[in-house]
Number of protein chains: 2
Amino acid sequence: MSATTPETPTKLQLLELLAAIGTAQWRDFAAAAAHHGLTSTQAKVLAQLNGPLPMRALATLLVCDASNVTGIVDRLEGRGLVRREADASDRRVKNVVATDEGRDVIRRVREEMQATHGALDTLGAEDSATLYALLARLRPGMEKDA
Amino acid sequence: MSATTPETPTKLQLLELLAAIGTAQWRDFAAAAAHHGLTSTQAKVLAQLNGPLPMRALATLLVCDASNVTGIVDRLEGRGLVRREADASDRRVKNVVATDEGRDVIRRVREEMQATHGALDTLGAEDSATLYALLARLRPGMEKDA
DNA sequence: CCCGATGCTTGAGGAGGTCAAGTAAATGCT
DNA sequence: AGCATTTACTTGACCTCCTCAAGCATCGGG
C-alpha cells in the first residue's frame, strides 16, 4: 500500500457510484435524443442499426418482446428515420435499416452528449486507458444473466 | 508508452463501454426488483427513501414531473411498502416514508444484484480503489446539466 | 405433404411519462 | 390585515414502452 493509494471503497460504495454514473449518462443520452424529437428507446434502437437487422435480432439485443419492437420501429419509420426491407432469403423476416436521415440524427445525438463528453475529457490518456481496462474486465461478468 | 500500458482507447470506445456497463447494471437491478414484484422505477423510488421525503423532493431527484410521482407512490402505498405522512410545518406537503416491509424489500433487491456483485468481486482491493477514484472524478462532470 | 417451429403483427391492458387545470395552503407586498 | 402570487399535490387526457395471448405467413424436417 503506497502512500498515494486511496482508501479501499466498500462494495456498496462502488455499486452506488457505478449506478450514479450510469444514471447520469442515461439522462445525458435521453436529453440529446429529446433534442431531436426522439425518446431514448427510439434513439437506442437507431444506435444499433449499423447494418440491416431483422426485427427479431433487435428484440434480442434490447432484451424485450418482439411485439414491442414492432411499435418502436413503426414510429421510427413514420418519421422516415428507418425503413423495413424484405429479406432476400426468408420472406418472414423484415430487415430494419436506418435511412440517411436516421444515421445523421443518431450521429448528432452521440455528439451532443455534452456532459459525458465533458467528463471524459477531464481524463488524460493514461487514466482513460486504466479506466477502459478496468471496465473491460467488469463487462463480461455484468452481462452474464443470472 | 511502457510495454504494460494498454492502448489508449478512443473516446467513442470508452463511451460505448460505459454505456454497456450502465445498461447491464440497470438490467440486473430491474431483474432483482421484478423478483419482488416491483418495477425498476418503483425500486428506484424506494431506494431514495432513507428518511421521510416530500413528493416534490422525490420528483426533483428523479428529474420528472410531480404528477408522475403521485402515481408511483400510489402503487407503492397500495402494496404497503410506503406511507404518506402529513408534514408538521407545512400542510401542503406530504412526506413519503418507507414502511418496515419497504425497507426490507429494497435491502433484498440490492443484495440480489448478483451479476453486479459477481463482477465487482473479480476486482481486487487495489483495482477497486483505482476504479472508485476514477469514477469519482468523472461523476461531477456527468451530473452537471447541459 | 403436412406439422411444428419461427418471424412478425395485432389487441388488450398496465406502468411510466408529460402537460394543463384545479385545489389548498403558505408567502409576500402594500 | 388583505389580496395576489407562488408552491405542493392531485386529477384527467394522452402518448410511449412493455408484456402476454392470439393470429397469420413462411420455413424446414419427417
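Residue numbers begin at 1 in each chain, while the letters A, B, ... track the order of the sequences. Note that the structure is a prediction, hence the values are computed from the model and not measured.
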Please determine if a side-chain N or O atom of B/Arg84 lies less than 4.0 Å away from the OP1 or OP2 oxygen of D/dA8. no
Students should find that the nucleotides of DNA chain C closing off the region near chain B, any atom under 4.0 angstrom from a heavy atom, are C/dA15 to C/dA26
A/Lys44 NZ to D/dT16 C1', in whole Å, measures 15 Å
When rounded to whole Å, the CG to C1' distance for the pair A/Leu58 and D/dC18 reads 15 Å
Is it true that A/Arg83 and A/Glu77 make a salt bridge, defined as a side-chain N closer than 4.0 Å to a carboxylate O?
no
Smallest heavy-atom separation, B/Cys64 atom then B/Val69 atom, equals SG-CG2, 4.0 Å
Worksheet entry | Electrostatic pair B/Lys11:A/Asp121 at N-O distance under 4.0 angstrom | yes
I'd like to know if B/Arg108 and B/Asp104 make a salt bridge, using a cut-off of under 4.0 Å between side-chain N and carboxylate O.
yes
Rounded to whole Å, CD of B/Glu85 lies from P of D/dA8 at a distance of 19 Å
B/Asp65 atom CG is separated from D/dA8 atom P, nearest whole Å, by 13 Å
Is it true that A/Asp28 and B/Lys144 make a salt bridge, defined as a side-chain N closer than 4.0 Å to a carboxylate O? no
Taking atom types as they are modelled, is there a donor-acceptor pair under 3.5 Å from the base of D/dC20 to the side chain of A/Ser67? yes
Separation of D/dT11 atom P from B/Met55 atom CE, nearest Å, is 10 Å
Testing D/dC20, D/dC27, D/dT6 for proximity to the side chain of B/Arg92, the answer is D/dT6
A/Leu38 CG to D/dT16 C1', in whole Å, measures 13 Å
Note: A/Ala115 and B/Met142 closest approach over all heavy atoms is CB-O, 3.7 Å
Against the side chain of A/Thr39, the closest entry in D/dT10, D/dC17, D/dA8 is D/dC17
So what does A/Asn68 touch, heavy atoms closer than 4.0 Å: a base, only the sugar-phosphate, or nothing? base
In whole angstroms, the gap separating C1' of D/dA8 from CG of B/Asp87 amounts to 11 Å
Between CZ of A/Arg91 and P of D/dC27 the distance, given in whole Å, is 5 Å
Between B/Asp90 and B/Asp87 the two heavy atoms that sit nearest each other are N-OD1, 3.1 Å
Practice task
Give B/Thr41 one of three labels, base, sugar-phosphate or nothing, depending on what nucleic acid heavy atoms sit under 4.0 Å from its own.
Solution key: sugar-phosphate
Side-chain contact check for B/Thr70: nearest option of D/dT26, D/dC17, D/dT10 is D/dT10
